[in-house]
Amino acid sequence: MSPASFLPFTRPFIDERTIAEVGEVLRSGWITTGPRCQELEAALSKRLDGRPVRLVNSGTAALELALRLCGIGPGDEVITTPLSWVATANVVLAVGATPVFVDAEASTRNIDLSLVERAITARTRALIPVDLAGLPVDRDRVDAIARRHGLRVIEDAAQSFGARWGGREIGSFGDLVSFSFHANKNLCTAEGGCLVLNNEVEARRFEKLRLQGVIRLPDGSMDVEDWGSKANLTDVAAAIGLGQLRRIDEFTARRRALAERYLARWDASLGFELPPADAAQHGNWHMFQPLLPRPLAPRRSDFIAAMREQGIGVGVHYPAMHLFSLFRRRGHAPGDFPVAEDIGARTVTLPLFPAMADADVDRVCRAVAATVAALR
């Protein structure tokens, strides 16, 4: 099968205007952090109700530096879900704290908020809710839990740029909000991310954290009072982000239309569990993830291989991370979080990106049906 006919599970869409603007940055000679980064931060802030936004070179960096901004470190605990990209827990380990997992909720696949409070201890300092596949966690319930227990909330909104809760865009309210702009995200800068902060005091502290702790003094000299990382974004990446931001609402609308077509065209007799229909359109449909019928779950690799033979890419997002060797060494075992384990064992990510045609969805649905028939 020719590469041109292969349908990946995701593909960024970079238009010619954006490509030309990247060329302008390269010709300018100012290719690291500069005016385009400032322009993108300002544009993101305007979209998010004027909140301070600071760019970094990955969503992972945004999460880690948010933890450091909150003073979280050794001896502290941070509650999150095991059903996420491993970065969500790795950043907690990076600052010396302990990730505490709470099982997922079967209906949304997000963290089960009814279980969170029983996981809170005297050492709990923060919550990291994750919007899996772009479907927002219930922000009202998260914030109520945080207020009752005096906790910071660092939203892992890596996948939910453009999603909404209660009529408001994710990032325009709440505590600290981290976005990823990785190549497979709804808004991409190739690599990158940002943190949305509460005020300019926090923003200035974050600026030091993202670039070696450096303070520029009026006389041209500098000082370093505290530790800092190396996490700044480039103007090359920011130029891509500006082009994406111009079209993000169009992209989100197209993703929703494609997801609705999947839901309408899907053969219910195949026995899959489909993702939540999201009739209220809270989410941005970052991914489309049906769950394999349980009898087929042990043959997921065969399902993926058979789909690839038909020219269709399939991903797995995500295995339940507490089953990774890293976390087994920390005492976790199968059975700890049964809902997350079940979802993680059966999930498959099917193609969904704005440049897809309606016919591509139909092709995927036919291929799924043919693959299931061959495997049964």
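What you are looking at is a predicted structure, and each value in this text was computed from that prediction instead of being measured.
The closest donor-acceptor contact from the side chain of His149 to the backbone of Leu151 lies at 3.5 Å or more, if one exists at all. Side chain of Ser45 to backbone of Glu41: no donor-acceptor contact under 3.5 angstrom is found. Arg210 contributes no side-chain N or O that, together with a main-chain N or O of Val56, makes up a donor-acceptor pair within less than 3.5 Å. Remark: side-chain polar atoms of Arg300 are not paired, donor with acceptor, to backbone N or O of Val348 under 3.5 angstrom. In terms of modelled atom types and a separation under 3.5 Å, the side chain of Glu64 and the main chain of Val91 share no donor-acceptor contact. Asp235 places a side-chain N or O within 3.5 Å of a backbone atom of Arg36 that can act as its donor or acceptor partner. Put simply, the side chain of Ser28 gets close to the backbone of Val25: a donor and an acceptor are under 3.5 Å apart. Between the Gln159 side chain and the Ala133 main chain, a donor and an acceptor come within less than 3.5 Å of each other. Proximity of a side-chain donor or acceptor of Thr80 to a complementary backbone N or O of Ile128 within less than 3.5 Å is detected.
For the pair Glu341/Val339, no side-chain contact is recorded, criterion being any heavy-atom separation below 4.5 Å from C-beta on. Considering only heavy atoms from C-beta on, Asn198 comes within 4.5 Å of Asp175 through its side chain. Annotation: side chain of Thr98 is not in contact with side chain of Val92 (no heavy-atom distance under 4.5 Å). Val316 has its side chain within reach of Ile304: a pair of non-hydrogen atoms, C-beta onward, lies under 4.5 Å apart. Looking at Leu350 and Gln289, their side chains never come closer than 4.5 Å, going by heavy atoms from C-beta outward. Here the side chains of Ile240 and Phe181 are not in contact, with every heavy-atom distance at 4.5 Å or above. Residues Leu326 and Leu93 are in side-chain contact: their nearest non-hydrogen atoms beyond the backbone lie under 4.5 Å apart. Side-chain contact between Asn186 and Phe251 is absent, with no heavy-atom pair separated by less than 4.5 Å.
Residues passing the side chain to side chain donor-acceptor pair (under 3.5 Å) test with Asp131 are Arg139, Ser160, sequence neighbours excluded. With sequence neighbours left out, the salt bridge (Lys or Arg N to Asp or Glu O under 4.0 Å) criterion links Asp15 to Arg247. With sequence neighbours left out, Glu117 forms a salt bridge (Lys or Arg N to Asp or Glu O under 4.0 Å) with Arg148.
Of all heavy-atom pairs between Gly315 and Phe9, the closest is N-CD2, 3.9 Å. Minimum heavy-atom separation, Asp140 to Trp165: OD2-NE1, 3.2 Å. Here the closest non-hydrogen pair linking Asn284 and Gly134 is OD1-CA, 3.1 Å. The two residues Ala277 and Trp285 make their nearest non-hydrogen contact at O-CZ2, 3.7 Å. The two residues Ile343 and Ala104 make their nearest non-hydrogen contact at CD1-CB, 4.5 Å. When all heavy atoms of Ala126 and Ile72 are compared, the closest pair comes out as CB-CD1, 3.5 Å.
No path of Ile, Leu, Val, Met, Phe, Trp and Tyr side chains, each step under 4.5 Å between heavy atoms, connects Leu195 with Val153, placing them in separate hydrophobic clusters. Connection of Tyr318 to Leu291 is established within a shared hydrophobic cluster, with ILVMFWY side chains joined at heavy-atom distances below 4.5 Å, either directly or through further cluster members. Both Ile120 and Leu113 are part of a single hydrophobic cluster, where members link through side-chain heavy atoms under 4.5 Å apart. Using a 4.5 Å cut-off between side-chain heavy atoms of Ile, Leu, Val, Met, Phe, Trp and Tyr, with links allowed through other members, Phe173 and Ile154 fall into different hydrophobic clusters. Following chains of ILVMFWY side-chain contacts shorter than 4.5 Å, one can reach Leu296 starting from Val314, so the two form part of one hydrophobic cluster.
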Decide side chain to side chain contact (heavy atoms under 4.5 Å, CB included) for Trp266 and Phe288; before the verdict, give the C-alpha distance in whole Å, the side-chain angles of both, and the deciding distance to 0.1 Å. CA-CA 12 Å; Trp266 198 268; Phe288 188 83; 4.2 Å; yes

Could you walk me through whether Glu250 and Arg254 pass the salt bridge (Lys or Arg N to Asp or Glu O under 4.0 Å) check? CA-CA 6 Å; Glu250 171 192 345; Arg254 182 59 184 156; over 6 Å; no

Start with the C-alpha distance between Thr371 and Glu309, add both sets of side-chain angles, then the distance that settles side chain to side chain contact (heavy atoms under 4.5 Å, CB included), and finish with yes or no. CA-CA 10 Å; Thr371 298; Glu309 287 177 5; over 6 Å; no

Derivation of the side chain to side chain contact (heavy atoms under 4.5 Å, CB included) call for Cys194 and Leu233: CA-CA 9 Å; Cys194 75; Leu233 193 71; over 6 Å; no

Could you walk me through whether Ile170 and Phe179 pass the side chain to side chain contact (heavy atoms under 4.5 Å, CB included) check? CA-CA 10 Å; Ile170 297 298; Phe179 290 113; 4.2 Å; yes

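Considering CG of Leu245 and CZ of Arg47, their distance stands at 6.0 Å, rounded to 0.5 Å. Taken from OG in Ser5 to CZ in Arg363, the straight-line distance is 6.0 Å, to the nearest 0.5 Å. If you take CG on Leu44 and CD on Glu39, they are separated by 10.5 Å, rounding to the nearest 0.5 Å. Here the CG atom belonging to Leu352 is positioned 7.5 Å from the OG1 atom belonging to Thr10, to the nearest 0.5 angstrom. In this structure, Leu55 CG and Gln38 CD are separated by 10.0 Å, a value rounded to the nearest 0.5 Å. If you take OG1 on Thr124 and CG on Asp76, they are separated by 9.0 Å, rounding to the nearest 0.5 Å.
For the residue pair Thr88/Asp156, the side-chain donor-acceptor check at 3.5 Å is satisfied. Remark: the Glu169 side chain and the Ser172 side chain contain no N/O donor-acceptor pair separated by less than 3.5 Å. Side-chain atoms of Trp85 and Asn90 form no donor-acceptor pair, as typed in the model, at a separation below 3.5 Å.
Residue Leu197 forms a side chain to side chain contact (heavy atoms under 4.5 Å, CB included) with just one option from Leu69, Val53, Val177, and that option is Leu69. Shown are Lys208, Arg68, Arg152, Arg54; of these, the salt bridge (Lys or Arg N to Asp or Glu O under 4.0 Å) with Glu202 is made only by Arg152.
For Glu273 and Arg109, the salt-bridge test fails: no basic side-chain N is under 4.0 Å from an acidic carboxylate O. No salt bridge links Arg366 with Asp267; every basic N to acidic carboxylate O contact stays at or beyond 4.0 Å. A salt bridge does not link Arg256 to Glu260: none of the charged side-chain nitrogens sits closer than 4.0 Å to a carboxylate oxygen.
Ring planes of Phe101 and Phe337: perpendicular class, angle over 60° (limits at 30 and 60°).
Atom CD1 of Ile31 has 12 or fewer neighbouring heavy atoms from other residues, nucleotides or ligands inside a 6.0 Å radius.
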